[in-house]
Every structure is written in C-alpha cells, then in structure tokens.
Amino acid sequence: MLGRVEQAGRGPGPGGFGGELYELCRRVRDTMNSRSGLALRAVLHECDEETAVRFRALIETGVVGPSKQLFARVLERGISRGEVRADALDDLVLDVIPAMMMYRSKVCGSEWPDEEMADVIDRSMVPPVRSAPA
C-alpha cells in the first residue's frame with residue numbers, strides 16, 4: 001500500500017496548487033478504497049485495543065506519514081510558485097485534508113466523488129493557505 005501512496009505524489013497536477021492538491025487527493029482516495037486499503041481498515045476496525053494500537057503505528061509509519069510528506073511537497077511547490085503563504089506549511093494544515101477525507105468517508109459515508117473533493121479543496125483548503133495578492 002505504501003507504494004501506491006508514494007505514487008500518488010509524483011509530479012504536479014494541472015491547475016496550480018488547487019489542481020495539484022486535487023490530483024493528490026484523488027490518488028489517496030483511490031488508495032484508501034483499494035483492496036489493500038479496505039482490508040487494512042477492516043482489520044483495524046475488528047481489532048481489540050492492544051492490537052489496534054500496533055496497527056495504528058503501522059498505519060502511521062506506512063500510510064499517514066508518507067501521505068503527509070506528499071501533501072507537504074504540494075504545499076512547498078505552491079509556496080515556491082507564490083500561490084501559497086510561506087507560513088502555511090505546518091502540521092495542522094497537513095492534517096486538514098486527510099482528516100476531512102476520513103471524516104467524510106467514515107462518518108458521512110461519502111465515497112468522495114470528484115466533484116465533492118474539488119468543492120472541499122476549493123472552499124476549505126485553498127483559501128486559508130493562499131498567498132496575498134501582490
């Protein structure tokens with residue numbers, strides 16, 4: 001599964017920061033909904049607390065950590081192009097999209113269709129990190 005997540009961050013997407021973030025989210029969503037992603041979530045859901053802690057550690061090092069690195073690279077490229085504020089790269093910002101993806105998936109039962117994903121990115125991610133106009 002780690003290989004799929006790493007592949008999700010290869011190369012910039014179309015449309016600057018928002019487009020690049022959208023493409024990365026689509027790939028992460030597809031990984032979450034892949035056979036191994038669904039299996040991992042199902043196993044985690046069925047574990048007792050002690051086993052779940054070990055699985056969470058595995059998910060953190062194998063999925064969450066690499067995903068945050070990919071989101072960080074998207075932000076860094078946005079910063080270098082002047083689209084994103086330099087101070088926008090922090091842990092809270094890096095948690096926003098993955099947290100929203102999990103919330104919409106687990107709590108709301110959304111499969112994160114492309115239109116919904118684009119709307120969330122445009123309304124909740126791009127505005128808070130956008131650099132001020134020159």
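Computed over heavy atoms, backbone and side chain alike; hydrogens, waters and symmetry mates excluded.
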The reported gap from CD in E60 to OG in S67 (rounded to nearest 0.5 angstrom) is 9.5 Å
Kindly say whether V74 contributes a backbone atom to a donor-acceptor pair with the side chain of E20 at under 3.5 angstrom? no
Residue pair E111 / N33: nearest heavy atoms and the distance that separates them: O-ND2, 4.3 Å
What one should report as the nearest heavy-atom pair of V120 and W112 is CG1-CH2, 4.0 Å
Sub-4.5 Å side-chain heavy-atom contact between L89 and L94: yes
Nearest non-hydrogen partners of Y22 and M117, listed with the distance: O-SD, 3.9 Å
Between NZ of K68 and CG of D95, what distance do you get to the nearest 0.5 Å? 4.0 Å
Inter-residue atom distance F17.CZ - S80.OG, 0.5 Å rounding: 11.5 Å
State, to 0.1 Å, how close D122 and P127 come at their nearest heavy-atom pair, and which atoms those are. O-CD, 3.1 Å
Please find the pair of heavy atoms, one from V28 and one from M101, that lie closest to each other, and give the distance. CG1-CE, 4.0 Å
Please assess V96 against M125 for the test side-chain contact (heavy atoms from CB on, under 4.5 Å), listing each intermediate value before the final yes or no. CA-CA 8 Å; V96 170; M125 190 63 192; 4.0 Å; yes
Whether the S110 and E116 side chains hold a donor-acceptor pair (N or O, under 3.5 Å, no angle test) is what I'd like checked. yes
What's the verdict on salt bridge (Lys or Arg N to Asp or Glu O under 4.0 Å) for R26 and E23, showing C-alpha distance, side-chain angles and the deciding distance? CA-CA 5 Å; R26 285 185 66 228; E23 286 302 317; 3.4 Å; yes
Any side-chain heavy atom of V129 within less than 4.5 Å of one from E83? no
Shortest non-hydrogen separation from I121 to C25 and the atoms involved: CD1-SG, 3.9 Å
How many angstroms lie between atom CZ of R85 and atom CG of L75, to the nearest 0.5 angstrom? 10.0 Å
So, taking the atom named CG in L21 and the one named CG in L70, what distance separates them when rounded to the nearest 0.5 Å? 11.5 Å
Taken to the nearest 0.5 Å, the spacing of M100 CE from Y103 OH works out to 8.0 Å
